[in-house]
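Here is the structure we will look at, set down as structure tokens.
Along the sequence shown, the residues carry numbers beginning at 1.
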Amino acid sequence: MGAIPTQRETVSLGTGAPSHTTPHAPPVARATLAGSAHAPGVARDLVRAAFSEWAELPEHLSEPLPERLAEDVTLVVSELVTNAVVHAGTDVELLCRLEDDPEHGHAVVVEVCDHHPSRAPRDNPPETPYETPEYGRGLRLVAALADAWGVTYRRAAKTVWARLLPLAPEPHACDETRGASPVAPLAPLLEALAPEPQPSGRDGDWLNRGALSFLAEASDLLAGQLDEDLVAALTSQLVVPRLADWCAVWLEDEVSGHGGGWGEWAGGPGPRLARVWHGDEGRIEELRRALEKEPPRPAEPPRSGPEPFLWPAATLGPRGAALAYRLIAGGRPLGTLVIGRPGPSAFPDEVTGLVEDLGRRVALAIGAARQYARQATISAVLQRGLLPGAVAEIPGVRSALVHEPREQGGPSGDFYDLFPAGDGRWCFAIGDVQGKGPEAAVVIGLARPWLRLLAREGYGVADVLDRLNQLLLDDATEAADAAARAFVGPAGPGDGPQTRFLSLLYGELAPFEGGVRCTLASAGHPLPLLLGPDGSVATAARPQTLLGVIEEATYTSDVLELRHGDSLLCVTDGVTERRSGVRQFDDGDGLATALAGCVGLDAELIAERIHRLVHEFGERPPEDDLALLVLQAE
């Protein structure tokens, strides 16, 4: 992936190529990043980590690397990775290399490679405001901060490289801003974010190091926020007091925010004032009341701004400047950001441009939070539909259930059921589908109704598993996979119909005078444990093959009797494989030991204690879904 240009392969856009070598292998940090919005933040973290590690290498460093060099490299990497993600959309390969320099001691070479070589790096904003991408100052920033840079084109890849020195470089002769009148830097912002002296004679709109650091840190702060109101609150903290004396964030709903102006909302609720913030906290409430009376009315078609906004003179005095920025992501208006400050003068161009850049990042964060909220809602609806609304009450048997899906990642792959099968029989099931999310949901939606149907048709435990195994291997599996892929998006290369494995513990209960007869079978599932009144613990079934693996598999069942005080514990692997470092909860018969300590407890207390012990086993929350079922003969 070397980025040293050659005459045959390279179209050089810079001022030369790095040419120095070292007698020893230079320290290198490299990574392959997915082409997503998270890539720039991951790249910045990698650069910071690399500089920290290099500081511990005395054989390569006779003196520490200056902090300014780390900041410059971080900004260049952030811009190049963002450009690659936005304009190529492929995975990105990042390399950061420390090498010797005869004059300056050391230099850092950065290489960012994507796999769409026909697209040159982009440095101009799009013409339509509806599709404003997330990117910063682009190659102008690279040209300003690098000693040398260029682009290497190969048949299957394009690499942008840059070489940075510990000292700030002089402007290049080919600098496109040569001859432009300098813009005075924004002193308060620089003092807050980049207090070191700034070089003179540069275009402040794109060389304002404080502004660039501000945008990089704002991106890190907003990335991954899953609540749109929290995004609005963080935005206000970023803007006030660095860029304005006060700000407000309105959010539009999914339907009303798309299409016509806010004056044509057909009886909709209108924009919601999600956040108001003022440098003087005592004025927030009165400012909120004033702004609620006069929401912004953005121009059509939507553009990211800035647009003039009516100054709330009755609340903040007669003179001041206010600007409104429409928050747009993916062509969809999501809200409006308004900033204001008192006094006769307007906002400097530096501030208006910086807030517009920030607004793009805010809009992306809001869009991502809403996407997460939609997926969470769908997952909750699916989860409710996949589990029974109530479990059956069985004469002579107490039952207790715990089901704990992970908070993220879609519907749980664990499921349970406890239902009457007729003729004095009740059936129970606890299972775990390979994978999670929509693909697991369609398999559970297939398996649970078939369990009930086959049981009520009079099939025994072994016969039910035989037929369910065949069902998972036939054309219904292909239909389930097609439905799942339609839910999550287009299929990728090689995504054909795939069998979904299912581990299942299934049993039938038949009460009789003095106890309950239990017929059960385990198909690739953690074996159930039987706790006696005397504290003895024994396994209550034999291991058998997962469902959906072997077409010719034949299943058998075991029979036991639950007498007064006997308790049967059934769990998923979220319990047995709960981790604490390299140890698992069931290592050394850990689950049996925990169950033996539950002697004398009723079913609900047993379930509660095992659940608590599983959580206490590790310092971090469980990383897998878990379910457990306790059946106790009265």
Residue pair Asp245 / Val240: nearest heavy atoms and the distance that separates them | O-CG1, 3.5 Å
Please name all residues satisfying ring pair (Phe, Tyr, Trp, His ring centres under 6.0 Å) with Phe51, sequence neighbours left out, ordered by chain then number.
-> Trp54
All salt bridge (Lys or Arg N to Asp or Glu O under 4.0 Å) counterparts of Arg44, not counting sequence neighbours = Asp220
Ion pair Glu228/Arg275, N-O distance below 4.0 Å = no
May I ask you to decide if Gly618's main-chain N or O and Ser580's side chain share a donor-acceptor pair within less than 3.5 Å?
-> no
Does any non-hydrogen side-chain atom of Leu221 lie less than 4.5 Å from one of Leu238?
-> yes
Contacts of Leu316 meeting side chain to side chain contact (heavy atoms under 4.5 Å, CB included) (sequence neighbours excluded), chain-then-number -> Trp246, His278, Arg283, Leu287, Trp311, Pro312
Between the side chain of Ser78 and the main-chain N/O of Thr74, is any donor-acceptor distance below 3.5 Å?
-> no
Heavy-atom nearest pair, Ala248 first then Leu273, reads CB-CD1, 4.0 Å
Residue pair Arg30, Glu111: steps toward the salt bridge (Lys or Arg N to Asp or Glu O under 4.0 Å) verdict = CA-CA 9 Å; Arg30 67 176 75 232; Glu111 300 176 6; over 6 Å; no
Side chains of Val231 and Gln225: closer than 4.5 Å at any heavy-atom pair?
-> yes
Identify the two heavy atoms, one from Ala39 and one from Leu33, that lie closest to each other, and give their separation to 0.1 Å.
-> O-CD1, 3.7 Å
Residues in side chain to side chain donor-acceptor pair (under 3.5 Å) contact with Asp229, at least two apart in sequence or another chain | Arg272
Pro241: side chain to side chain contact (heavy atoms under 4.5 Å, CB included) partners, not counting sequence neighbours = none
Test log, rule salt bridge (Lys or Arg N to Asp or Glu O under 4.0 Å), inputs Asp624 and Arg578 | CA-CA 8 Å; Asp624 196 6; Arg578 165 73 160 124; over 6 Å; no
Any donor-acceptor pair under 3.5 Å linking the side chain of Arg341 with the backbone of Ala346?
-> yes
Within-4.5 Å side-chain heavy-atom neighbours: Val151 and Lys158 | yes
Results of side chain to side chain donor-acceptor pair (under 3.5 Å) for Thr352 - residues two or more places apart only | none
Please list, chain by chain and in numerical order, all residues satisfying side chain to side chain contact (heavy atoms under 4.5 Å, CB included) with Glu577, sequence neighbours excluded.
-> Asp573, Gln584
Which residues share a side chain to side chain contact (heavy atoms under 4.5 Å, CB included) with Ala324, sequence neighbours left out = Phe309, Thr336, Val338
Quick one: side chain to side chain donor-acceptor pair (under 3.5 Å) partners of Asp227, sequence neighbours excluded?
-> none
Test item: Arg361 side-chain N/O and Asp357 main-chain N/O as donor-acceptor pair under 3.5 Å = yes
